[in-house]
Amino acid sequence: MSDLSKWTPSDMLEPVRRFLDGDLSIAPGIKIEQFQEGSTLVVRAEVPGIDPDRDVDVSVGEGMLNIAVERREASEHKGKDGFRSEFRYGRAARSIALPAGVREEDITATYKDGVLEVRAPAPKVVTGEATTKIRIDRG
């Protein structure tokens, strides 16, 4: 019970604030932007403070783009007044469906200023193919 007495009202309301801000997960998550730029799927992931060579895994499998990040805590804090950290450490992952026809070898990824950007170009759809109209019967 003595540990609870150290909490301030703002500490107890922090989970509620995160929920209202849209953070619905208990585990650390990766926030993304996803949009089409022409025929290219662009996914931007907010992952500041990581080493992309060591802490990020971008892979493709079964029509899905998979992004996994592991944040590592490398500091130690000592003090008789306690320590509070809102930083999140651990593993987080997201999976995004790829457009049909995307070739793995065409997917690129870059990391700049805390943002991982993955580009997955889809092949151009050939127009001009004959289409057949299906008749609808009334029953």
Side-chain angles (χ1 to χ4, degrees):
M1 187 72 169
S2 64
D3 288 339
L4 290 177
S5 66
K6 294 179 185 176
W7 281 34
T8 66
S10 64
D11 291 334
M12 290 183 258
L13 293 175
E14 181 63 21
V16 174
R17 186 197 59 77
R18 285 198 336 253
F19 175 78
L20 293 174
D21 285 345
D23 185 359
L24 304 177
S25 63
I26 302 282
I30 301 172
K31 295 181 180 167
I32 65 166
E33 293 179 335
Q34 175 181 342
F35 58 92
Q36 287 289 129
E37 191 173 88
S39 64
T40 300
L41 170 67
V42 180
V43 178
R44 291 186 182 143
E46 181 183 61
V47 288
I50 53 97
D51 178 353
D53 296 326
R54 184 185 67 169
D55 301 332
V56 177
D57 178 37
V58 178
S59 62
V60 176
E62 299 180 11
M64 300 294 285
L65 170 66
N66 304 298
I67 301 171
V69 176
E70 183 158 352
R71 296 181 191 273
R72 302 164 198 223
E73 183 175 18
S75 59
E76 184 177 311
H77 301 277
K78 293 182 181 178
K80 59 183 174 183
D81 293 336
F83 172 71
R84 175 184 170 135
S85 175
E86 294 182 3
F87 290 2
R88 295 183 180 182
Y89 300 97
R91 185 170 171 78
R94 290 291 296 263
S95 294
I96 297 98
L98 290 169
V102 170
R103 297 180 346 172
E104 294 176 21
E105 58 269 15
D106 293 338
I107 298 173
T108 60
T110 57
Y111 181 81
K112 182 179 179 185
D113 298 331
V115 177
L116 173 70
E117 182 175 281
V118 181
R119 294 180 159 269
K124 303 261 188 228
V125 176
V126 178
T127 57
E129 291 182 16
T131 59
T132 304
K133 182 160 175 79
I134 306 298
R135 185 175 52 108
I136 302 171
D137 293 327
R138 291 187 178 251

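We count residues from 1, following the sequence as given.
When all heavy atoms of Val56 and Val58 are compared, the closest pair comes out as CG1-CG2, 3.9 Å. When every heavy atom of Pro123 is checked against every heavy atom of Gly101, the shortest pair comes out as CD-O, 3.2 Å. Taking each heavy atom of Ala97 and Met64 in turn, the nearest pair found is CA-SD, 3.5 Å. When all heavy atoms are compared, the tightest approach of Gly61 to Asn66 is N-ND2, 4.0 Å. Minimum heavy-atom separation, Tyr111 to Pro48: OH-CA, 3.9 Å. Across all non-hydrogen atoms, the minimal contact from Ile30 to Ala92 is CD1-O, 3.6 Å.
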Task: Val60 vs Leu98, side chain to side chain contact (heavy atoms under 4.5 Å, CB included): CA-CA, chis, key distance, verdict - done: CA-CA 9 Å; Val60 176; Leu98 290 169; 3.6 Å; yes
- [ ] Show the numbers, then the answer: is there a side chain to side chain contact (heavy atoms under 4.5 Å, CB included) between Gln34 and Val42?
- [x] CA-CA 6 Å; Gln34 175 181 342; Val42 180; over 6 Å; no
Task: Trace of the side chain to side chain contact (heavy atoms under 4.5 Å, CB included) decision for Ile107 with Val118 - done: CA-CA 7 Å; Ile107 298 173; Val118 181; 3.7 Å; yes
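Atoms CD1 and CG, on Ile67 and Asp57 in that order, are 10.0 Å from each other to the nearest 0.5 Å. Here Arg54 contributes atom CZ and Glu70 contributes atom CD; the two are 9.0 Å apart, rounded to the nearest 0.5 Å. Between atom OG1 of residue Thr40 and atom CD of residue Glu37 there is a gap of 7.0 Å, rounded to the nearest 0.5 Å. Put simply, CD1 on Ile32 and CG on Leu65 are 8.5 Å apart, with the number rounded to the nearest 0.5 Å.
Under the salt bridge (charged side-chain N to carboxylate O under 4.0 Å, His left out) criterion, Glu117 pairs with Arg44, Arg119, sequence neighbours left out.
The shortest side-chain heavy-atom distance between Val43 and Glu33 does not fall under the 4.5 Å cut-off.
The environment of CD in Glu62 is sparse: at most 12 heavy-atom neighbours from other residues, nucleotides or ligands sit within 6.0 Å.
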